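On a predicted model such as this, the values are computed, not experimentally measured, just so you know. Reminder, nothing fancy here: chain letters follow the sequence lines and each chain counts from 1.
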Amino acid sequence: GAVVSQHPSWVICKSGTSVKIECRSLDFQATTMFWYRQFPKQSLMLMATSNEGSKATYEQGVEKDKFLINHASLTLSTLTVTSAHPEDSSFYICSARDSGGRDQYFGPGTRLLVL
Amino acid sequence: DQQVKQNSPSLSVQEGRISILNCDYTNSMFDYFLWYKKYPAEGPTFLISISSIKDKNEDGRFTVFLNKSAKHLSLHIVPSQPGDSAVYFCAATFGQAGTALIFGKGTTLSVSS
């Protein structure tokens, strides 16, 4: 099946630093990628929709200046958490939609811990 | 307002038996539905999907049934295996490319041997 990778899988950083998370579709092209966040014992919360070559669309309540999204190619989207704070600690997951279909495939997730 | 609901937070089944996971939705615009399996600290794994023009889709041990009039879908796993123990999420979407998935809160399936 379709494979989506995320890097890094784990990151620990100091408060105030910026962290970049990469999401790659390895064997298909993804015009659209999505970024989610999951809090403990809760469902996935959509943060933003990333379209290749255009600006991301952010969900209500998600700060676009804090969570910078770049989708520069059909196989790569990046999420940068700027000036991270402890409350940004979470599990971040991306998904990619196959350009030829409607199924979405998820990456393995990135655990962010901000000290 | 929750558009996709999984009303059973957990389900326990014996190995070899059928597991039936249920999902209800409220938005009649949804036209594509997906099921995912998720382990802790991992991303969801795609299992199976169904378009609203169908009422059944089967892939190996997994079958999804869609009842549009009732706005209800179910995932059947037969036979259930201990390795199926995980959280199962139902998701729905509509429209053209770029529309995000709306997830239910998940059902934790436990399959005992």
Side-chain angles (χ1 to χ4, degrees), chain A residues 1-6 9-10 21 23 28-60 62 71 74 90-113, chain B residues 1-10 21 23-25 27 29-54 57 59-60 62 64 66 86-108:
Chain A
V3 179
V4 176
S5 69
Q6 271 184 251
S9 56
W10 265 99
I21 303 170
C23 177
F28 65 99
Q29 292 188 332
T31 307
T32 305
M33 290 184 172
F34 304 90
W35 287 95
Y36 295 83
R37 184 173 178 176
Q38 185 180 27
F39 293 100
K41 297 185 180 180
Q42 293 189 26
S43 186
L44 298 169
M45 183 192 80
L46 178 67
M47 298 175 65
T49 301
S50 167
N51 292 297
E52 186 265 337
S54 63
K55 290 184 179 179
T57 303
Y58 291 82
E59 295 300 299
Q60 192 172 12
V62 178
H71 192 161
L74 286 172
S90 190
F91 191 54
Y92 292 87
I93 309 174
C94 72
S95 73
R97 177 172 170 162
D98 189 333
S99 298
R102 300 188 69 181
D103 293 333
Q104 287 187 28
Y105 304 93
F106 284 82
T110 297
R111 175 76 60 190
L112 171 63
L113 177 61
Chain B
D1 177 35
Q2 207 176 342
Q3 298 184 64
V4 178
K5 302 177 183 178
Q6 292 177 257
N7 292 318
S8 297
S10 62
L21 298 133
C23 179
D24 297 295
Y25 61 96
N27 191 335
M29 291 183 65
F30 288 142
D31 64 355
Y32 200 75
F33 305 88
L34 307 92
W35 283 95
Y36 290 87
K37 172 182 177 181
K38 187 180 183 301
Y39 295 111
E42 292 185 12
T45 300
F46 172 76
L47 289 175
I48 193 168
S49 58
I50 187 167
S51 165
S52 61
I53 63 173
K54 295 185 176 181
N57 189 24
D59 184 0
F62 303 96
V64 56
L66 175 63
V87 180
Y88 288 78
F89 289 96
C90 166
T93 187
F94 63 90
Q96 300 302 313
T99 306
L101 298 178
I102 308 298
F103 281 89
K105 290 191 174 182
T107 297
T108 300

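Looking at Gln104(A) and Tyr36(B), their side chains come closer than 4.5 Å, going by heavy atoms from C-beta outward.
Here NZ of Lys38(B) is found 6.5 Å from CG of Leu44(A). Values are rounded to the nearest 0.5 Å.
Here Asp103(A) pairs with nothing under the salt bridge (charged side-chain N to carboxylate O under 4.0 Å, His left out) rule; sequence neighbours left out. In this view, Trp35(B) satisfies the side chain to side chain donor-acceptor pair (under 3.5 Å) rule with no residue, not counting sequence neighbours.
In this structure, the portion of Gln38(A) lying under 4.5 Å from any heavy atom of chain B is its side chain and not its backbone. Using a 4.5 Å cut-off between heavy atoms, Leu101(B) contacts chain A through both its backbone and its side chain.
Taking the ring centroids of Phe106(A) and Tyr39(B), they lie at or beyond the 6.0 Å cut-off.
In terms of heavy atoms, Arg102(A) sits closest to Asp31(B) at NH2-OD1, 2.8 Å. The two residues Leu46(A) and Ala100(B) have their closest heavy-atom pair at CD2-CB, 3.2 Å.
Contacts with chain A were tallied for Ser49(B), Pro40(B), Ala41(B), Pro44(B); Pro44(B) has the most, counting heavy-atom pairs under 4.5 Å.
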